[in-house]
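Worth saying up front: this structure is predicted, and the values here are computed from it rather than measured.
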Amino acid sequence: MDFAGESMNMGYNRGELAAVGPGRYAGETSLPVCVSGSMAWVATVIVEGDASVLRCPFALRRGTLRLARACPAAPPSGVLPS
């Protein structure tokens, strides 16, 4: 999971997710605080396959979570698109 400031570079903020149950993952990370006001973040889930990588960004704004853009679906064969 990669966290990036939507309109401001807040440095490298990437944490690992670990399986905690069927279809469930969890992890921890620390995010810097913006002293000038509220901060909008984009959290990108990154899934690495044998030959490709799938990235799916989510916009995080004060109390909301939404897909930042459409994410490609993994084909039935299990091979992830790049």
Side-chain angles (χ1 to χ4, degrees):
M1 176 82 71
D2 180 69
F3 292 89
E6 186 174 69
S7 61
M8 182 182 300
N9 182 352
M10 299 299 281
Y12 183 78
N13 301 290
R14 186 172 287 183
E16 296 275 332
L17 297 177
V20 294
R24 296 187 62 218
Y25 296 82
E28 291 185 26
T29 192
S30 295
L31 298 177
V33 175
C34 180
V35 296
S36 65
S38 64
M39 181 73 188
W41 292 90
V42 175
T44 303
V45 177
I46 304 167
V47 180
E48 297 179 355
D50 290 336
S52 60
V53 177
L54 174 68
R55 291 178 177 84
C56 194
F58 294 85
L60 305 173
R61 289 191 186 83
R62 201 173 218 173
T64 64
L65 169 67
R66 66 172 178 78
L67 274 172
R69 68 177 195 280
C71 298
S77 66
V79 178
L80 299 174
S82 53

> Minimum heavy-atom separation for Ala43 to Phe3, with atom names?
Replying inline: CB-CE2, 3.6 Å
>> Checking Leu17 now: which residues fulfil side-chain contact (heavy atoms from CB on, under 4.5 Å) with it, not counting sequence neighbours?
In response: Met1, Tyr25
> Does anything in residues 11-21 pair up under salt bridge (Lys or Arg N to Asp or Glu O under 4.0 Å), and if so which pairs, sequence neighbours excluded?
Replying inline: Asp2-Arg14
